[in-house]
Amino acid sequence: MKATPEKPSIDGIEAVWLKNWDAEQTYAFDRSATRENVYSIDTPPPTVSGSLHIGHVFSYTHADVIARYQRMTGKQVFYPMGWDDNGLPTERRVENYFGVRCDPSLPYDPSFSPPEKAPEQKISISRKNFVELCHQLTQADEVVFKDLWRNLGVSIDWTLEYSTISAHAQAISQRGFLEMLKRGEVYSSVAPTLWDVDFRTAVSQAELEDRERPGNYHRVAFKKADGSGSIEIETTRPELLPSCVALVAHPDDERFKPLFGTNVITPLFSVEVPILAHELADPEKGAGIAMICTFGDTTDVTWWRELSLPTRALIGRDGRFLPAEFGSEQFPSTDAPSANAFYAGLEGKTVNQVRASIVEGLTQSGALIGELKPITHPVKFYEKGERPLEIVTSRQWFVATLKHREALLKRGEELSWHPDFMKHRYKSWVEGLNVDWNISRQRFFGVPFPAWYPTDANGTIDFDAPILPELSELPIDPSSDVPKGFSEAQRNQPNGFVGDPDVMDTWATSSLTPQIAGHWGTELFEKIFPMDLRPQAHEIIRTWLFSTVVRSHFQENSLPFKNALISGWVLDPDRKKMSKSVGNVVTPMPLIETHGADALRYWAASGRPGTDTAIDEAQMKIGRRLAIKTLNASKFVLGRLEGITIPSPAEITEPIDRDFIALLANVVNEATAAFNTYDYARALERTEAFFWTFCDNYVELVKTRAYGEGENASEAGTNSARATLAITLSVLQRLLAPFIPFVTEEVWRWWHDGSVHVAPWPVIAELGNVTPSRDSAVYEQVCEVLEAVRREKSTQKVSQKNEVELLKIDGPAELLSAIRNGETDLKNAGGVKAFELNESATLSISVTLTPQS
RNA sequence: GGGCGCUUAGCUCAGUUGGCUAGAGCAGCUGAUUUACACUCAGCAGGUCGGGGGUUCGAGUCCCUCAGCGCCCA
């Protein structure tokens, strides 16, 4: 056995072992492994947005302790790392960081470089220049992220690194799209689409959030077409009056039943619209009768579709009102001249401006009844946006999810969720789907759709006959690549082609992380798919988890992974959610520097799956203490064993040792069972508790005997203690290794050549012929007596080293026999000079201390 | 509006199918201690398990109900 260091320390050991693990390729995935022998992890590729978050540390630690456990059980762990660098977050960051804006109409400027300091007025640059800056910034960010992961001791195989904007990921993503297209699972259509006017892009249902916003009910009178009076409706969006196509009330609403099928005339624009019945109309809301406009919200879209209403959409992609001609077929009007005259003042205006004009017009015409009624109501926003979404009609690619709802729900049932209740998140999301998954984004830094469209002699684009590349050509960019049989000169020309201008939703790519990380189409993929584990946070169940399930269901007719390990959130010390705007975000690197990586991991690993956990530096200090204790206990025990041949567990013969090993066997069983159900926190708790009793009680009891000293010393007794110390230390070092990998590696190497992280996970068979079923409770009963002795010394305020003149114990025969078995150790540990044991029904321990000199 | 989770000691949390006197760590208090311990060890104290009702020989645990907090979905 090697010598233990004189003064071991945990400070600085991270750097030593990181270097060593790199050199030894400790975490390298062996591609020759068979599928049964592989444990594969679908690592979340974090959004590389420049800010590291303590939440990263939290959830990546959870996955890592599982990875380390699996590796020790003998599995080849496929543990890749990805960076989600495409998409809007990167674009926003680049715009602000460099002070630029993408204008796809500009030509590429090879000599462009951004100014040192971001200018106030953003510089317009070409798409290619913009994308170059995106790459530049994300690469720099990725270095910082990687540094954190390494310092945290995440056991990733860095040769498996990928990024979602890489050519490899783009090729996979485009192939995935083409295969869906071939199978008819994706389609393009012109449809009302939720639209962010600031970002100028469509957004999907998964990116929506409701925000409570103040609004006003405007009571507006519509004259009946037959001239018999008027109907009053209430609306929060009077600006949509020119887009009104009908009024709607609940079919059972007695107030309006007689009116169904009759017509009214819109104020200001004199458009005749019907009064219709639909169940989604809420009799309790407003006046109980609403106007349907194309389109104010998603309910309007439902009504429009189910009631087969005409389209009078007027809000453009920039959020401004489009031209309209009243009196035309689309906008019939009984008074076209005044309608057009009024509308002339609205065209090109923003939503707020138009609202003001229309309210004024309604007031003047007397159609606005009474005062405005302020209300608070939920309004749909893009989760990253600042203005309410509009609905515009545009061409988009959709993945058909709605008609597969039942199958997708079944997939959710099939998946093992940790914790189990998280499956409700998935279920309620899938049940609530109301539009197909829109995967088109009118943005720049993303994976382009691999499609061109032919144009006819008039230059009209035929969207129904896309020109598609061969799989071998991928990745392609239709805005710069030319389809086979065409030349660049034919781009955007009659009888030529146009490239699809859009990029894919970021989830359309990251839903293929198993395919990207596992190199779809190669032998490797067969070995890692379906993945064993998907670790992730709960707020992306409806996006990442759901979309991955969708893609895998279509592509492989399978779940993409068997287990989903859902982490909670990290809350600030006041149990508030961390957010940039509140300014309570904690960055992890200083915490690693202060407390050590093991300590930070200890805190993270004590947060159970799915449980929100507050940042707690006190907990990190306890983790640090555990690491230091591991170091010192190992030094002490190994010091007792220095220079001798360590006896094998077969030599564990003393009853107290055998009982202690039985308890150890129970801990091994419990920790293993807990890991197998992804309850790492429980495994840690049990291991840790046992480790402390090992240090404070067992080692204290047997250290004299292990030295071959003290009264009644015997070779058998000494060897039994030595064997117990050695095997227990070995087992505990390994049980702790997934949680505190740096310090356990340090102490393991004091007496082993290889890494603890590829050492075999402890099993009962190692423990000699001891079984978890205990012959007796010798150890616990001896501890109880030891405690009584310590209590007496503490009460008497004397040193624990003070000797005990006489230890008198009255108790049942069974107990006395246990104590006799531990008598020697008790004498050694408690300084007991003499025992007096008497049989009695009740337990009583009397301690007579030797008077202090 | 529907759903999920949480509520146990001052704090952070355990408490597996209902069963010994409800546990741990931290903080607090009282001591001991410097040849494993960038301190460590021992001891003490601290809870009507959110409220109410029910099932049961027995409820922190199961059922009902109410309240508060958080989240998901609509």
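Computed from a prediction, not measured in an experiment: that's the story for all the values here. Within every chain, numbering begins at 1; the chains are lettered A, B, ... in the order of the sequence lines, protein sequences first and strands thereafter.
Remark: A:Arg624 is not in phosphate contact with B:rC39, judged by side-chain N or O atoms under 4.0 Å from OP1 or OP2. Neither OP1 nor OP2 of B:rA42 sits under 4.0 Å from any side-chain N or O of A:Arg791. For the pair A:Arg686 and B:rA24, the criterion of a side-chain N or O lying under 4.0 Å from OP1 or OP2 is not met. For A:Lys793 and B:rC44, the shortest distance from a side-chain N or O to OP1 or OP2 is not below 4.0 Å. One finds a side-chain N or O of A:Asn632 lying less than 4.0 angstrom from the OP1 or OP2 phosphate oxygen of B:rA38.
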Query - From CA spacing to verdict: side-chain contact (heavy atoms from CB on, under 4.5 Å), A:Arg411, A:Glu414 - result: CA-CA 5 Å; A:Arg411 291 292 180 203; A:Glu414 241 178 88; 3.0 Å; yes
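Of the candidates B:rG5, B:rU33, B:rA74, the closest approach to any side-chain atom of A:Ser799 belongs to B:rU33. Of all nucleotides listed (B:rC26, B:rC71, B:rA14), B:rC71 comes nearest to the side chain of A:His538.
Each of A:Pro378 and A:Glu787 was assigned the nucleotide of RNA chain B with the nearest heavy atom; the assignment lying further toward the 5' end belongs to A:Glu787. Nearest-nucleotide assignment on RNA chain B puts the 5′-proximal partner with A:Ile628, out of A:Arg542 and A:Ile628.
Distance check on atom P: B:rC37 versus B:rC20 gives 41 Å, rounded to whole Å.
A:Ser428 comes within contact range of the sugar-phosphate backbone alone, with a heavy-atom separation under 4.0 Å but no base atom that close. No engagement by A:Glu617 is indicated, since no non-hydrogen atom pair under 4.0 Å with the nucleic acid exists.
Across all strands shown, the partner of B:rC44 is B:rG28, judged by Watson-Crick or G-U wobble contacts whose two distances both fall under 3.5 Å.
Side-chain atoms of A:Glu700 and base atoms of B:rA36 include a donor and an acceptor less than 3.5 Å apart.
Spacing between atom CD of A:Glu642 and atom C1' of B:rA36 amounts to 12 Å, rounded to whole angstrom units.
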